[in-house]
2 protein chains.
Amino acid sequence: MKKGAISWQSLRAEALRRICDQEWLPGELIPNEAELAQEFGCARTTVNRALRDLAESGYLERKRKGGTRVALTPVRKAIFEISIIRQDVEARGQDYGYTLLSDRCDAEVPASVHAALRLKSAVPLRHVCGLHLADGRPFCLEQRWLNPAVVGPEQKFDAISANEWLVRNLPFAHGTLSLYAVSADARLAQIMDCAVGTALFSMDRTTFSDTHSITAVTLIYGSGFRMETDIN
Amino acid sequence: MKKGAISWQSLRAEALRRICDQEWLPGELIPNEAELAQEFGCARTTVNRALRDLAESGYLERKRKGGTRVALTPVRKAIFEISIIRQDVEARGQDYGYTLLSDRCDAEVPASVHAALRLKSAVPLRHVCGLHLADGRPFCLEQRWLNPAVVGPEQKFDAISANEWLVRNLPFAHGTLSLYAVSADARLAQIMDCAVGTALFSMDRTTFSDTHSITAVTLIYGSGFRMETDIN
DNA sequence: AAGTGGTCTAGACCACAAA
DNA sequence: TTGTGGTCTAGACCACTTG
């Protein structure tokens with residue numbers, strides 16, 4: 001950056017300090033961009049960059065003509081990255097393994113799956129089940145419904161999991177995510193190597209491309225699993 | 001914006017289209033900012049804004065001198081907002097209620113809590129338990145340890161939950177978040193009005209200010225609760 | 001050494017919302 | 001009507017990283 005100039009990061013830091021120290025009170029109007037530019041001896045563009053960033057982070061609320069106010073209840077956010085399960089396991093320093101349990105085109109699609117994927121006609125879906133292992137022990141059970149219009153039947157998921165194949169080949173999907181707890185029934189207990197009735201952490205995801213429904217998946221994690229992240 | 005000019009949003013959209021349509025292949029170098037500015041007939045600043053935004057969203061990887069590449073495995077993100085439980089309940093269209101269950105300064109702090117809050121000396125912590133209700137039924141059990149150096153004993157949590165008080169009064173905290181499943185024991189089953197052994201969705205949060213450990217809380221949600229969000 | 005993205009400037013016009 | 005933030009421009013220098 002130019003010598004002697006004030007960076008937008010340092011301006012952001014100073015503004016954040018004033019917010020945290022309540023020099024600028026919650027709900028209160030702060031000076032406008034031109035005034036702050038003069039105070040800090042920089043261009044208005046630089047002030048704009050700093051305040052825009054703080055607004056994106058939830059600290060400020062900005063409106064044309066209305067000015068900039070300190071947010072009354074700043075919304076804190078927790079961000080979870082949707083990654084490949086293999087990479088999650090390896091990031092824990094454990095050996096990764098994968099077993100394909102079943103793969104069939106199933107005409108009997110549960111109504112809930114049909115609705116979640118917003119399918120109109122009674123399209124047959126492909127059902128793929130696989131077990132992800134960490135150090136040889138069950139880590140995550142993947143139960144997935146695939147739209148055959150998107151993933152052809154020639155694609156096999158015995159060597160590479162459907163999870164990894166989809167992330168690598170259809171990365172630009174959007175969708176929904178739902179987290180919940182489920183109690184292990186006899187079948188789950190056997191697969192996940194835990195007692196019947198164990199509480200298991202679970203996740204449903206549905207993903208869509210711009211034009212198609214792609215997949216609905218239920219991931220059930222082994223006993224004791226925790227999904228962790230930072231707040232900010 | 002100026003008439004006839006190309007907005008950074010439309011430039012971003014066009015670049016994203018090229019990525020999704022694989023006109024720019026994963027891992028491949030795309031034209032540099034100056035070239036794109038010429039192609040689109042705009043200033044380099046505008047190109048920079050668009051590409052920087054795509055990089056923040058995980059679609060591109062940028063390096064000085066190294067140029068800009070399409071990300072090999074774009075990282076999708078799910079964002080959860082940390083809100084006030086009362087507002088969560090009201091957003092569902094249900095009536096909110098709150099009951100304080102217990103509030104005492106407890107010298108016997110579990111080692112796990114002590115460690116999570118990174119406390120050095122054996123500080124006594126305040127322990128507050130409260131039950132959040134939706135339409136009169138148990139919605140979320142809040143079990144919280146508070147640092148008395150941050151929240152004085154004069155602050156009562158019978159009318160307002162500790163959750164809401166903290167979000168309103170100490171909003172600028174960072175911390176950690178952990179999601180998991182827990183099986184209801186006899187005490188939990190009674191409080192949450194469910195069968196013993198029911199799998200319950202649960203969340204641990206620890207929060208810190210710049211200078212202090214503030215609180216460690218365990219939130220246990222009622223049977224059937226799902227935490228939902230969008231991908232993108 | 002050289003090329004690329006990162007940032008700052010000064011000025012301008014515009015879009016939106018409040019008065 | 002007016003004030004505020006949102007954005008674009010053209011130019012400049014700088015920092016980082018690669019060769």
Side-chain angles (χ1 to χ4, degrees), chain A residues 1-16 18-19 23-72 74-75, chain B residues 1-16 18-19 23-72 74-75:
Chain A
M1 119 186 50
K2 270 183 185 171
K3 283 178 185 172
I6 282 170
S7 72
W8 70 268
Q9 288 101 331
S10 65
L11 211 164
R12 185 199 134 109
E14 169 61 12
L16 186 53
R18 293 184 185 183
I19 295 168
E23 290 181 24
W24 290 340
L25 295 171
E28 192 180 70
L29 217 54
I30 73 171
N32 68 31
E33 294 188 346
E35 288 168 339
L36 289 171
Q38 190 167 22
E39 176 188 344
F40 290 99
C42 65
R44 184 168 77 89
T45 316
T46 306
V47 176
N48 181 278
R49 177 82 193 267
L51 298 190
R52 183 162 34 87
D53 196 84
L54 286 172
E56 276 173 19
S57 299
Y59 292 104
L60 296 175
E61 288 168 0
R62 320 193 76 198
K63 267 191 294 195
R64 283 159 152 137
K65 168 74 178 175
T68 301
R69 289 173 187 281
V70 178
L72 274 174
V75 178
Chain B
M1 124 188 47
K2 270 182 184 172
K3 283 178 184 171
I6 282 169
S7 72
W8 69 269
Q9 288 101 331
S10 65
L11 211 164
R12 185 200 134 108
E14 169 60 13
L16 186 53
R18 293 185 186 182
I19 295 168
E23 291 180 24
W24 290 339
L25 295 171
E28 192 181 68
L29 217 53
I30 73 171
N32 69 31
E33 294 188 346
E35 288 167 340
L36 289 171
Q38 189 166 22
E39 176 188 345
F40 290 98
C42 65
R44 183 167 78 89
T45 316
T46 305
V47 177
N48 181 277
R49 177 81 193 266
L51 298 190
R52 182 161 36 87
D53 197 84
L54 286 173
E56 274 173 21
S57 299
Y59 292 104
L60 296 175
E61 288 169 359
R62 320 193 74 199
K63 266 191 295 195
R64 282 158 152 142
K65 166 75 178 176
T68 301
R69 291 172 186 281
V70 179
L72 275 173
V75 179

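Sequence lines set the chain letters: A, B, ... in the order given, protein chains first and strands last, and positions in each chain run from 1. Bear in mind that the values here come from a model prediction, so they are computed numbers and not experimental data.
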Are A/Glu33 and A/Arg62 ion-paired here, with the side-chain N under 4.0 Å from a carboxylate O?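 Between A/Arg62 and A/Glu33 there is a salt bridge, with a charged N closer than 4.0 Å to a carboxylate O.
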
Salt bridge check: are A/Arg18 and A/Glu39 linked by an N-O gap of less than 4.0 Å?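 Counted as a salt bridge, because a side-chain N and a carboxylate O are separated by less than 4.0 Å.
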
Determine whether more than 12 heavy atoms belonging to other residues, nucleotides or ligands lie under 6.0 Å from atom CD of B/Gln38.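 Counting other residues, nucleotides and ligands, CD of B/Gln38 stays at 12 neighbours or fewer.
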
Looking at [X], I'd like to know whether one of its side-chain N or O atoms comes within less than 4.0 Å of OP1 or OP2 on [N].
| X | N | value |
| --- | --- | --- |
| B/Arg44 | C/dG5 | no |
| B/Arg49 | D/dT7 | yes |
| B/Gln9 | D/dG6 | no |

Of the listed nucleotides ([options]), which one gets closest to any side-chain atom of [X]?
| X | options | result |
| --- | --- | --- |
| A/Asn48 | D/dT9, C/dG5, D/dT7 | D/dT7 |
| B/Lys65 | D/dC8, D/dC13, D/dT18 | D/dT18 |
| A/Thr45 | C/dT9, D/dA15, D/dT18 | C/dT9 |
| A/Ser7 | C/dC8, C/dG5, C/dT9 | C/dC8 |

How about A/Glu61 and A/Thr68: do any of their side-chain heavy atoms sit closer than 4.5 Å?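 A side-chain contact under 4.5 Å is absent here.
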
Are B/Arg49 and B/Thr45 side-chain neighbours, meaning at least one heavy-atom pair lies under 4.5 Å?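 Counting from C-beta outward, B/Arg49 and B/Thr45 never come under 4.5 Å.
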
Quick one: [X] [atom1] to [N] [atom2], roughly how many Å, whole number?
| X | N | atom1 | atom2 | result |
| --- | --- | --- | --- | --- |
| B/Leu51 | C/dG6 | CG | C1' | 12 Å |
| A/Arg52 | C/dC8 | CZ | C1' | 14 Å |
| A/Ile6 | C/dC8 | CD1 | P | 10 Å |
| A/Asp53 | C/dT7 | CG | P | 10 Å |
| A/Gln38 | C/dT9 | CD | P | 14 Å |
| B/Glu61 | C/dG5 | CD | P | 14 Å |
| B/Leu60 | C/dT4 | CG | P | 16 Å |
| A/Arg69 | D/dG5 | CZ | P | 11 Å |

Quiz item: A/Arg64 side-chain donor-acceptor pair to C/dA17 base, under 3.5 Å: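 Under the 3.5 Å cut-off, the side chain and the base do not form any donor-acceptor pair.
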
Expected output: side-chain A/Ser57 to main-chain A/Asp53 donor-acceptor under 3.5 Å: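 Indeed, once roles are kept as given, a pair shorter than 3.5 Å links the two residues.
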
N/O donor-acceptor pair under 3.5 Å between B/Arg69 side chain and B/Glu28 backbone: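 Answer holds: no.
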
Can you sort out which residues in residues 27-37 of chain B have a heavy atom within less than 4.0 Å of DNA chain C? Ascending by number, please.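 Contacting residues: B/Asn32, B/Glu33.
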
Between B/Lys63 and A/Arg62, which is nearer to the 5' end of DNA chain D once each is assigned its nearest nucleotide?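 So the residue in question is A/Arg62.
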
